[in-house]
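Within every chain, numbering begins at 1; the chains are lettered A, B, ... in the order of the sequence lines, protein sequences first and strands thereafter.
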4 protein chains.
Amino acid sequence: MREELRIERKNKLLQAAAEVFAEKGYAGASISDVAARAGMGKGTVYGYFPSKEDLFFDVFFWYALQLMTDVHLNFFNGRLSVREACLRFTSELVERMIESIEMYPLTLEFWSASASGGLRDRLKQAMSRMYCDYRKLIGSMIQQGIETDEFMPETDVEGLSAGIMGAIDALGLQFWMDPDFDIRGAADQTMAAILNGISIHPETGHKG
Amino acid sequence: MREELRIERKNKLLQAAAEVFAEKGYAGASISDVAARAGMGKGTVYGYFPSKEDLFFDVFFWYALQLMTDVHLNFFNGRLSVREACLRFTSELVERMIESIEMYPLTLEFWSASASGGLRDRLKQAMSRMYCDYRKLIGSMIQQGIETDEFMPETDVEGLSAGIMGAIDALGLQFWMDPDFDIRGAADQTMAAILNGISIHPETGHKG
Amino acid sequence: MREELRIERKNKLLQAAAEVFAEKGYAGASISDVAARAGMGKGTVYGYFPSKEDLFFDVFFWYALQLMTDVHLNFFNGRLSVREACLRFTSELVERMIESIEMYPLTLEFWSASASGGLRDRLKQAMSRMYCDYRKLIGSMIQQGIETDEFMPETDVEGLSAGIMGAIDALGLQFWMDPDFDIRGAADQTMAAILNGISIHPETGHKG
Amino acid sequence: MREELRIERKNKLLQAAAEVFAEKGYAGASISDVAARAGMGKGTVYGYFPSKEDLFFDVFFWYALQLMTDVHLNFFNGRLSVREACLRFTSELVERMIESIEMYPLTLEFWSASASGGLRDRLKQAMSRMYCDYRKLIGSMIQQGIETDEFMPETDVEGLSAGIMGAIDALGLQFWMDPDFDIRGAADQTMAAILNGISIHPETGHKG
DNA sequence: TATGAATGAGGGTTCATTCAT
DNA sequence: TATGAATGAACCCTCATTCAT
C-alpha cells in the first residue's frame with residue numbers, strides 16, 4: 001500500500017475521531033462511531049491504531065500540533081512591538097477557539113482523561129510538556145519586552161506566562177458554556193490590563 | 001427523626017461519590033464503587049438518586065456549594081481595601097485548590113461532562129450560571145474599586161472578571177498537571193499585574 | 001442469599017457448562033450458550049465464575065470429582081480377589097464411559113486445553129496430578145496382588161499402572177469415534193491379557 | 001514445472017500449520033500465524049486451502065501419513081519373531097512420540113476437533129478409519145502369532161489390538177503431561193505383560 | 001498468482017438498573 | 001427501607017475471509 005494513502009487514511013481517522021470524541025466524549029464514543037464517521041469498517045481502525053486509548057492519545061498530539069501550526073502561521077507574520085505581539089498572539093488563540101468552538105470539548109476530554117483512566121500518566125505528562133512549551137513561548141515575548149524596556153524589569157516572567165496562558169484557556173471554557181459570553185472582549189481586556197500592569201509606560205483608555 | 005437520617009446518608013453518598021468520581025472519573029467509577037465507599041449496598045444508592053447521571057449532577061451542586069461556602073467563610077471576614085480584597089479572594093481560592101488538589105479532577109470531570117453525554121445541557125447551564133455568579137462577585141469588587149477611585153473608570157468590569165476567574169481556574173489545571181508548578185506565585189503575579197494595570201496609582205516592585 | 005441456593009445455582013452452571021463444552025468445544029462455546037442452557041442471563045455467569053477460563057477449569061475439577069465419586073461408589077463395595085478387583089475397576093470405568101459417552105468430548109477438550117491456551121499450565125498440572133492419583137490407585141491394587149502372591153514379584157507396578165490407565169482412556173476415544181466399536185470386549189480382553197501376563201497362575205480360556 | 005512449485009508451497013504451508021496448531025491450538029492459531037511461519041502472505045493461504053477448517057483437516061492427513069511412513073520405514077526392516085515384532089512396533093511408535101513430543105498437542109487438537117466444531121463429522125470418520133487401520137496392523141501381527149503357535153488360539157485379536165493401540169496413545173498423553181514420566185518403561189512393561197498374557201510359553205523376569 | 005488492507009460478525013466482559021427478599 | 005443477585009445492552013477487540021492491486 002502506498003505510504004501516502006496510508007497517511008491520508010490515518011489523518012481521516014484522526015479527524016473523525018477528534019470529531020466524535022468532541023461530540024460524545026471519550027467514554028461515550030465507540031470505535032464503531034469513529035469508523036463510521038471516517039467511512040470505514042470498524043476493524044480498519046485497528047489497522048492504524050492498536051487500541052482506543054492509543055487512538056485518543058494520538059488525537060491529542062495531532063490536535064495540539066494542528067492548533068500550534070495554525071497559530072504560528074498567523075502569528076509569526078510580521079514585525080510588531082512586544083505589546084502588539086502579545087495581543088496578537090492571544091487574539092490569534094482566541095480566534096482559533098471561536099472558529100472551532102465545536103471542538104472545544106475535545107480539550108476538556110484531554111484534561112479529564114489526564115486525571116483518571118488508563119491514559120492518565122501518559123497524557124498528564126504530555127499535557128504538562130505542552131503547557132510548558134506555551135508558557136515558554138509567552139515568557140520569551142515578555143522577556144523580550146523587558147529587554148527592550150517596554151516592561152518593568154521586576155516582572156515575574158514565569159508566573160505571568162502561566163497566568164496568561166491559563167486565562168485564555170479558561171475563557172474558552174466560559175465561552176463554551178455560554179455562547180453569548182464575549183470572549184474577545186474578555187481576552188482583550190484582560191491582556192490589556194496585564195500588559196498595562198507590567199508596562200513602564202502604560203497605555204490608557206483601553207476600553208472599547 | 002427519619003428525615004435527618006436520610007439527609008445524613010445522602011450526604012455520605014455525595015461525599016463518597018465525589019471522592020470516587022475524582023479518583024476514577026465519571027465513566028471509570030461504578031455505582032458499586034460509590035456504594036462501597038459509602039459503606040452501603042449498591043441498591044441503596046438508587047433510593048437516594050434515580051440514576052448515575054443524577055448522582056453526578058447532584059455531586060456538582062453539592063461540591064460547588066461546599067467550595068463557595070468555604071471561600072466565603074474565609075473571605076468575608078474583615079474590612080480590606082478593594083485591592084487587598086481582590087488579592088485575598090483569589091489567594092483564598094488558590095489555597096482551597098492546593099488544599100484539596102486531590103479533588104481537582106472532579107472539576108475536570110464536570111467540565112468534560114458539560115461537553116458531552118446525557119448531562120451536557122443540564123450541566124452546561126448550571127456551570128454557566130455558576131461562572132456568572134463568580135464573575136459577578138469579582139465584578140462587584142472591581143466596581144467598588146472604580147467607585148472608590150482606586151481603579152480606572154474605563155475598566156471593563158465584565159471582561160476582566162471573566163479573565164481573572166479563568167486565570168485562577170486554569171492555574172489549578174497547570175498545578176494539577178505538574179505539582180512543582182508555583183501556583184501561588186503565578187496567581188499573585190497575575191493578579192498584581194492586572195490590578196496594577198487598572199489602578200490609578202499602581203504599586204511597583206511587585207516581584208518576590 | 002442462602003448459601004445453599006448459591007451452591008445449587010453454581011452446580012447448575014457447571015452442569016450446563018459441561019454439556020455445552022462437550023457439544024461445542026471450549027472455543028466454540030459462548031458464555032451466552034452456557035447461560036442459556038442453565039436458564040440464566042449471560043451476566044449471571046460472571047457472578048459465579050470470574051472468566052470463561054476459570055469456568056472451564058472449575059468444570060474440569062467438578063467433572064473429575066463426579067467421575068471419581070461414581071466409580072468409587074460402585075467399586076469399593078465388597079471383598080474381591082485382586083484380579084477380580086482390577087477387572088471390576090476397569091469395567092466400572094468403562095461402564096461410566098459408555099453411560100455418558102456424550103460427555104466424552106469434554107475429556108478431549110481438557111486434554112487439548114492442557115496443551116495450549118491460557119489454561120495450559122494450570123490444567124496440565126491438574127491433569128498430571130489426577131493421572132498420578134489414578135495410577136496410584138491401580139498401582140496399589142497390583143501391589144496388593146504381588147503381596148498376596150497372585151502376581152509375579154518382578155512386575156513393574158508403576159509402568160503397568162500407567163499402561164492400564166492409558167488403555168482404558170484411549171479405548172474411550174476409539175468408542176467415541178466409532179459407536180460400533182466393542183469397547184467392553186476390548187477392555188476385558190486387554191485387562192485379561194495383562195493380568196494373565198503378570199499372574200503366577202494364569203487363567204486360560206478368557207475368550208468370549 | 002509450475003505444479004512442482006505449487007506442491008512445494010503447499011507442503012510448506014502444511015508444515016507451518018502443523019507447527020502453529022501444535023503450539024497454539026486450532027482456535028488459538030490464526031491464519032496470519034500460519035502464513036507468517038510459512039513465510040508467505042495471509043491471502044496466499046487461501047490459494048491452497050479454501051478455509052481454516054480445510055487446512056486443519058488436510059494437516060491431519062498429512063501428519064498421519066508422515067507418522068505412518070516414519071514408523072513403516074523403521075519397522076519393516078528385518079525378520080523378527082512375532083513377539084519381537086510387536087515390541088519393536090510399539091517401541092518404534094513410542095520413540096516417534098518422544099522424538100517429536102512438541103508435536104503431540106497436534107494429536108490432542110485432532111481429537112478434540114473430532115468431538116465438536118465444523119469438522120467433527122469429517123474428522124471423526126477419518127480418525128475412526130485411521131484407528132481401524134492401526135488395529136488391523138497390530139491385529140495382523142497377533143494373528144500371525146496365533147498361526148505360528150506363539151500366541152494362544154483363543155486370543156481376541158480385535159479387542160487386544162484396540163487395547164494395545166489405546167495404551168500407546170494414552171501413554172503419550174501422560175508423557176506430554178509429565179516429561180518425567182517413564183514412557184519407555186511403561187510401554188515396555190505393558191506390552192511385555194500383554195504378550196506374556198497371550199503367549200503359550202511366556203517369558204519371565206521381564207522387570208528392568 | 002501473491003499480497004495484505006479492509007471488513008464485520010462474534011464473543012468475553014462490564015455495569016447501570018431492577019426487583020425479590 | 002436496604003440489599004445484592006440477576007439481567008442484558010453495549011462495547012472493545014480479534015480474526016477468518018474477501019478483493020483490489
From CA spacing to verdict: salt bridge (Lys or Arg N to Asp or Glu O under 4.0 Å), B:Lys10, B:Glu3: CA-CA 10 Å; B:Lys10 188 162 187 169; B:Glu3 189 60 17; over 6 Å; no
C:Phe49/C:Phe56 aromatic ring centres below 6.0 Å: no
For atom OH of D:Tyr46 and atom P of E:dA5, their distance in whole Å: 16 Å
Interatomic distance, C:Arg6 CZ vs F:dA5 P [rounded to whole Å]: 7 Å
Sugar-phosphate only, base, or nothing, as touched by C:Gly47 at under 4.0 Å among non-hydrogen atoms: nothing
Lys NZ or Arg CZ of A:Lys124 over A:Trp111 ring: under 6.0 Å, within 45°: no
Phosphate OP1/OP2 of E:dA5 contacted by A:Tyr48 side-chain N/O (<4.0 Å): no
Shortest non-hydrogen separation from C:Ala16 to C:Arg37 and the atoms involved: CB-CG, 3.5 Å
Protein-nucleotide distance (B:Lys42, atom NZ; F:dT7, atom P), rounded to Å: 13 Å
F:dA16 OP1/OP2 closer than 4.0 Å to side-chain N/O of D:Lys52: yes
Any C:Thr44 side-chain N or O less than 4.0 Å from OP1/OP2 of F:dT7: yes
First of B:Val45 and C:Gly39 reached from the 5' end of DNA chain F, by closest nucleotide: B:Val45
Contacting residues from residues 20-37 of chain B, given that a heavy atom lies under 4.0 angstrom of DNA chain E: B:Ala29, B:Ser30, B:Ile31
Separation of F:dA6 P from C:Lys12 NZ (nearest whole Å): 12 Å
Sugar-phosphate only, base, or nothing, as touched by A:Phe49 at under 4.0 Å among non-hydrogen atoms: nothing
Separation of F:dA6 P from C:Lys10 NZ (nearest whole Å): 12 Å
Nearest-Å distance for atom pair CG/C1', residues C:Leu13 and F:dA6: 12 Å
For the student: nearest non-hydrogen atoms of D:Glu109 and C:Ser116, plus distance: OE2-OG, 4.0 Å
Taking every non-hydrogen atom, the tightest pair across C:Lys12 and C:Ala38: CE-O, 3.7 Å
Distance below 4.0 Å between C:Arg9 side-chain N/O and F:dA6 OP1 or OP2: yes
Derivation of the salt bridge (Lys or Arg N to Asp or Glu O under 4.0 Å) call for A:Lys42 and A:Asp33: CA-CA 8 Å; A:Lys42 187 175 26 156; A:Asp33 292 331; over 6 Å; no
Most 5' of D:Gly41 and A:Met40 on DNA chain E, judged by nearest nucleotide: D:Gly41
Nearest-angstrom distance from the residue atom CD of D:Glu3 to P of E:dT1: 11 Å
Nearest-nucleotide pick for B:Ser51, side chain only, options being E:dT17, E:dT14, F:dT17: E:dT17
Contact summary for D:Arg120 and D:Ser114, nearest pair of heavy atoms: CG-O, 3.0 Å
Dot-bracket line, read 5' to 3' along DNA chain E, where crossing pairs take [ ] and | marks a partner on another strand, Watson-Crick or G-U under 3.5 Å: .||||||||||||||||||||
Row check, C:Tyr48 ring normal vs C:Arg9 NZ/CZ: under 6.0 Å, within 45°: no
Positive for ring pair (Phe, Tyr, Trp, His ring centres under 6.0 Å) with D:Phe21, one of D:Trp62, D:Tyr26, D:Phe57, D:Phe60: D:Tyr26
